[in-house]
*Asks:* 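I have a structure I would like to understand better, so I am pasting it below and will then ask my questions one at a time.
Quick note: numbers below take in every heavy atom, side chains included, and nothing from hydrogens, waters or symmetry partners.
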Amino acid sequence: MMRKFDENRKIIEEDRKGKSRMKKKFVSVIMMFCLSVTLVMGCGDTKENEITGTETTANTAQSSMNGDRADLVLGATTGFFGAESLDVAYNWDGWIMSIYGISENLYRLDENIVPQPWIAESVETPDENTWVFTIRDGVTFSNGKTVDAEAVKACFERTYGMNERADSTLKIASMEADGMQFTIVTPEPNPTLLNDLCDPLLGVYDASEEPDEELGVSCTGPYIATSFTAMTDVSMRANESYWGGAPAVDTIELKIIDDQDALDMALANGEIDLIAQETANGAVKFTDTSLYTTDTVTTTRANYLNFNLQSEGLDDKQVREAINFCIDRESFAEVVYQGFATPCYGIYPENLTFGGTDGLKLMVDSYDPEKAGELLAEAGYEDTDGDGILDKDGKNLSFKVITYSYNNNCIQLADMMQAELAQIGIDLSIETMDVLDDALAAGDYDIAILNYAMAPIGTPSYFINMVFTTGASNNYGGYSNEKVDALAAEISSTADTAKADALTKELSQQVLDDNAFAFVADQQLIFVYSNRVKGVQINPTEYYLVTNTLTVEE
């Protein structure tokens, strides 16, 4: 998240929890290790041959099909499939439910991240603040009730009452319902409203009934949950009355497998048919194109650092800048991601009109530990007691880093940073956890290594209003800049795309100058699946995986 965000499931590794890592790992060793793993996987008589062996895979798959198995089984880690509930309005679960094919929105983003009519078939704008949507005839919730304007209004009222992110996603002054006409009035002009409506948090569900304790709310998607275990597994059946046409397969199961080797082996032996958000190391195991397909798409997802500006030491801009200079982005993208990511020094990826670094004056534009050391010396930090850690006024530069227990890429970035920063006198301890929300909200961290979608609905305001503005829902580090706040408001109300892009560049410059965050790498979304699977539509938003066209050959 942005998953969205990928903070879900209690699988904290005991050898990491609450412990400082030893500083014996140097980046060169880490890089050589990662590279050697990659090379081994690509050589003959290795695990790759076990995974892609035609006879073993085919026989196992056939055997599994003869058991009590869904027609189609999909696997992913907690980061992509992990929901705490099947309630669109709860936390980030709407995001996951859109991936599941359970929930849908009034509008939907296409492969170019352009909004298209979905549950709403059209919209009219009698003035710049008023949007009148016509709800599509024939759409029903999975409980059989008709979707009309009143149902949509009730749904939005409940979501806005439950989730604080809703107001930053789309500000609404008032709503009206009249038959199939649903009207939204905004407090100020909002030229990106259709994009905002595509955020899965604004998925449409039946708010007239209390959510089922297990199966959540009734939605409009092609599939309906039949069983659900939070953060573990969901089984679904086809929604036979789906307005978009009968789904191609009757039953689908989605499994969370956080051990990457186990996830890959599950695809190899036919226990699952597709891996969503596969890692680069996993993808190289499935190079036999006669058996497997690898699909990739450039998304807006990035790895970045969130500095807690309330932490002593990190409240010093030069310390943050020094840390920024010690991130070897190029090696991280090339070796850890094996080319499935691009190193970045700006905020947004280059595939967006407001992204990249053209026109920006970068304070940090390379990996430069020597420069980092100079900055720390200028700031008055030195090792006064000979313990290898810089200090000032009796306070060591020792920081706690938190990141996801299930995201190996983020963990490897933490390892790299720990080794590099140790060389210039900054001590890092690393704690991995499945749920980061509580620690972030409580400020119980110094540096958080996060993995967010920066612009999944195609607008800069999505991330700006969630992370950069004063008091924003995910502004955990306490960042505040009046100029950024003013630019954010102007961007949100600017209809001229070119002007909005220019304003976003101006805002990006200010954020980068403040060094409150460090942006590291833009990644690709990787799907690997059996060639038996057909109808896969990989979308740069990451939202839509299960559709009515997804199927599998017998």
Side-chain angles (χ1 to χ4, degrees), residues 85-98 100-109 115-127 129-187 190 192-212 215-225 239 241-244 457 462 541 543-544 548:
S85 74
L86 294 181
D87 188 341
V88 173
Y90 180 75
N91 203 358
W92 289 88
D93 290 344
W95 183 302
I96 310 301
M97 292 172 68
S98 73
Y100 289 173
I102 293 176
S103 68
E104 299 180 314
N105 292 46
L106 294 179
Y107 270 66
R108 184 187 186 101
L109 295 160
Q116 303 295 339
W118 206 249
I119 293 177
E121 65 179 8
S122 64
V123 64
E124 295 180 359
T125 52
D127 61 63
N129 288 57
T130 305
W131 301 71
V132 182
F133 296 90
T134 299
I135 306 302
R136 190 183 300 274
D137 285 330
V139 181
T140 60
F141 295 115
S142 57
N143 59 14
K145 293 183 179 180
T146 298
V147 179
D148 58 15
E150 188 59 47
V152 176
K153 180 174 179 287
C155 162
F156 279 21
E157 288 172 342
R158 179 178 180 272
T159 295
Y160 275 73
M162 283 185 58
N163 197 311
E164 65 176 6
R165 285 193 301 109
D167 189 60
S168 62
T169 299
L170 172 60
K171 293 187 181 301
I172 297 177
S174 64
M175 296 181 288
E176 294 182 8
D178 182 11
M180 303 302 279
Q181 305 298 306
F182 174 57
T183 300
I184 291 176
V185 179
T186 59
N190 179 3
T192 64
L193 182 140
L194 295 182
N195 295 76
D196 299 338
L197 280 174
C198 295
D199 189 306
L201 176 59
L202 301 182
V204 177
Y205 59 89
D206 182 13
S208 69
E209 295 183 353
E210 285 296 316
D212 183 90
L215 303 180
V217 294
S218 296
C219 299
T220 67
Y223 284 88
I224 304 168
N239 181 357
S241 60
Y242 178 56
W243 65 271
I457 59 175
Y462 174 91
T541 64
Y543 294 151
Y544 322 116
N548 62 330

*Asks:* Has Asp148 got a side-chain atom pairing as donor or acceptor with Ala151's backbone, closer than 3.5 angstrom?
*Replies:*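 Looks like yes, one N/O pair under 3.5 Å.
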
*Asks:* Is the closest side-chain heavy-atom distance between Ile119 and Phe133 below 4.5 Å?
*Replies:*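 SC-SC contact between Ile119 and Phe133 ruled out.
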
*Asks:* Quick one: closest heavy-atom pair of Gly94 and Ser103, and the distance?
*Replies:*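 Between these two residues, the closest heavy atoms are O-OG, 3.8 Å.
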
*Asks:* Nearest 0.5 angstrom please: Thr186 OG1 to Asp127 CG, how far?
*Replies:*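 Atom-to-atom, Thr186:OG1 and Asp127:CG are 8.0 Å apart.
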
*Asks:* Compare every heavy atom of Ala225 with every heavy atom of Ile102, then report the nearest pair and how far apart it is.
*Replies:*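 Distance-wise, the nearest heavy atoms are CD1-CB, 4.1 Å.
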
*Asks:* Indicate whether any N or O donor in one side chain lies under 3.5 Å from an N or O acceptor in the other, for Asn190 and Thr192.
*Replies:*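 There is such a pair between these side chains.
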
*Asks:* Between Asp167 and Thr169, is any side-chain donor less than 3.5 angstrom from a side-chain acceptor?
*Replies:*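 Checked: Asp167/Thr169 side chains show no N/O donor-acceptor pair below 3.5 Å.
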
*Asks:* What's the shortest heavy-atom distance between Ser218 and Asn143, and which atoms?
*Replies:*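 In terms of heavy atoms, the two residues are closest at OG-ND2, 3.5 Å.
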
*Asks:* With a sphere of 6.0 Å drawn around CD of Glu176, does it hold more than 12 non-hydrogen atoms of other residues, nucleotides or ligands?
*Replies:*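 No, CD of Glu176 has 12 or fewer neighbouring heavy atoms, counting only those of other groups under 6.0 Å.
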
*Asks:* Distance from Ile184 atom CD1 to Lys171 atom NZ, nearest 0.5 Å?
*Replies:*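 Nearest 0.5 Å value for the CD1-NZ distance: 14.0 Å.
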
*Asks:* Would Val147 and Phe141 count as a side-chain contact (heavy atoms from CB on, under 4.5 Å) here? Give the steps.
*Replies:* CA-CA 7 Å; Val147 179; Phe141 295 115; 3.7 Å; yes

*Asks:* Could you go through the side-chain hydrogen bond (donor to acceptor under 3.5 Å, both in side chains) check for Ser142 and Asn239 one step at a time?
*Replies:* CA-CA 7 Å; Ser142 57; Asn239 181 357; 5.9 Å; no

*Asks:* Below 4.5 Å, heavy atoms only, C-beta onward: do Tyr160 and Met175 meet side chain to side chain?
*Replies:*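 Answer no - side chains too far apart.
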
*Asks:* Counting only heavy atoms not in Glu157 (residues, nucleotides, ligands), do more than 12 fall under 6.0 Å from its CD?
*Replies:*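 Counting other residues, nucleotides and ligands, CD of Glu157 exceeds 12 neighbours.
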
*Asks:* Could you pull out the closest heavy-atom pair between Val217 and Val88, with the gap in Å?
*Replies:*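 The pair with the smallest heavy-atom distance is CG2-N, 4.0 Å.
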
*Asks:* Rounded to the nearest 0.5 Å, how far apart are OG1 of Thr140 and CG of Asp206?
*Replies:*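 These two atoms lie 10.5 Å from each other.
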
*Asks:* Of Arg158, Lys145, Glu150, which meets side chain to side chain donor-acceptor pair (under 3.5 Å) against Ser208?
*Replies:*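 Result for side chain to side chain donor-acceptor pair (under 3.5 Å) with Ser208: Lys145.
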
*Asks:* Show, in sequence, the C-alpha distance, side-chain angles and deciding distance for Ile135 and Leu106, and conclude whether the side-chain contact (heavy atoms from CB on, under 4.5 Å) test is met.
*Replies:* CA-CA 8 Å; Ile135 306 302; Leu106 294 179; 3.8 Å; yes

*Asks:* Between Leu170 and Asp199, is a side-chain contact (heavy atoms from CB on, under 4.5 Å) present by the stated rule, with each step listed?
*Replies:* CA-CA 9 Å; Leu170 172 60; Asp199 189 306; over 6 Å; no

*Asks:* How close do Ser122 and Tyr107 get, counting heavy atoms only, and between which atoms?
*Replies:*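 The answer is C-OH, 3.8 Å.
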
*Asks:* Any chance you could lay out the side-chain contact (heavy atoms from CB on, under 4.5 Å) test for Phe156 and Leu197, step after step, and finish with the verdict?
*Replies:* CA-CA 11 Å; Phe156 279 21; Leu197 280 174; 3.9 Å; yes

*Asks:* Using a 4.5 Å cut-off on heavy atoms from C-beta on, say whether the side chain of Asn163 contacts that of Tyr90.
*Replies:*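 No, side chains not in contact.
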
*Asks:* First locate atom OG1 of Thr183, then atom CG of Asp178, and finally report the distance between them rounded to the nearest 0.5 Å.
*Replies:*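 The CG atom of Asp178 is 8.0 Å from OG1 of Thr183, to the nearest 0.5 Å.
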
*Asks:* Write down the atom of Ile457, the atom of Cys198, and the distance for their closest heavy-atom approach.
*Replies:*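 Residues Ile457 and Cys198, closest heavy atoms: CG2-C, 4.2 Å.
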
*Asks:* Checking side-chain polar atoms at under 3.5 Å, does Gln181 have a donor or acceptor matched by the opposite partner on Thr134?
*Replies:*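 Yes - a donor-acceptor pair under 3.5 Å links their side chains.
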
*Asks:* Measuring only between side-chain heavy atoms, which start at C-beta, is Asp93 closer than 4.5 Å to Asp87?
*Replies:*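 With C-beta onward as the side chain, the pair stays apart.
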
*Asks:* Just say parallel, tilted or perpendicular for the rings of Trp95 and Tyr543, cut-offs at 30° and 60°.
*Replies:*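 Aromatic pair Trp95/Tyr543 classed perpendicular.
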
*Asks:* Roughly how far, to the nearest 0.5 Å, is the CG atom of Asp196 from the OH atom of Tyr462?
*Replies:*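 Between atom OH of Tyr462 and atom CG of Asp196 there are 11.0 Å.
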
*Asks:* Could you tell me the separation between the CD atom of Glu104 and the OH atom of Tyr544, rounded to the nearest 0.5 Å?
*Replies:*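 So the CD of Glu104 and the OH of Tyr544 are separated by 9.5 Å.
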
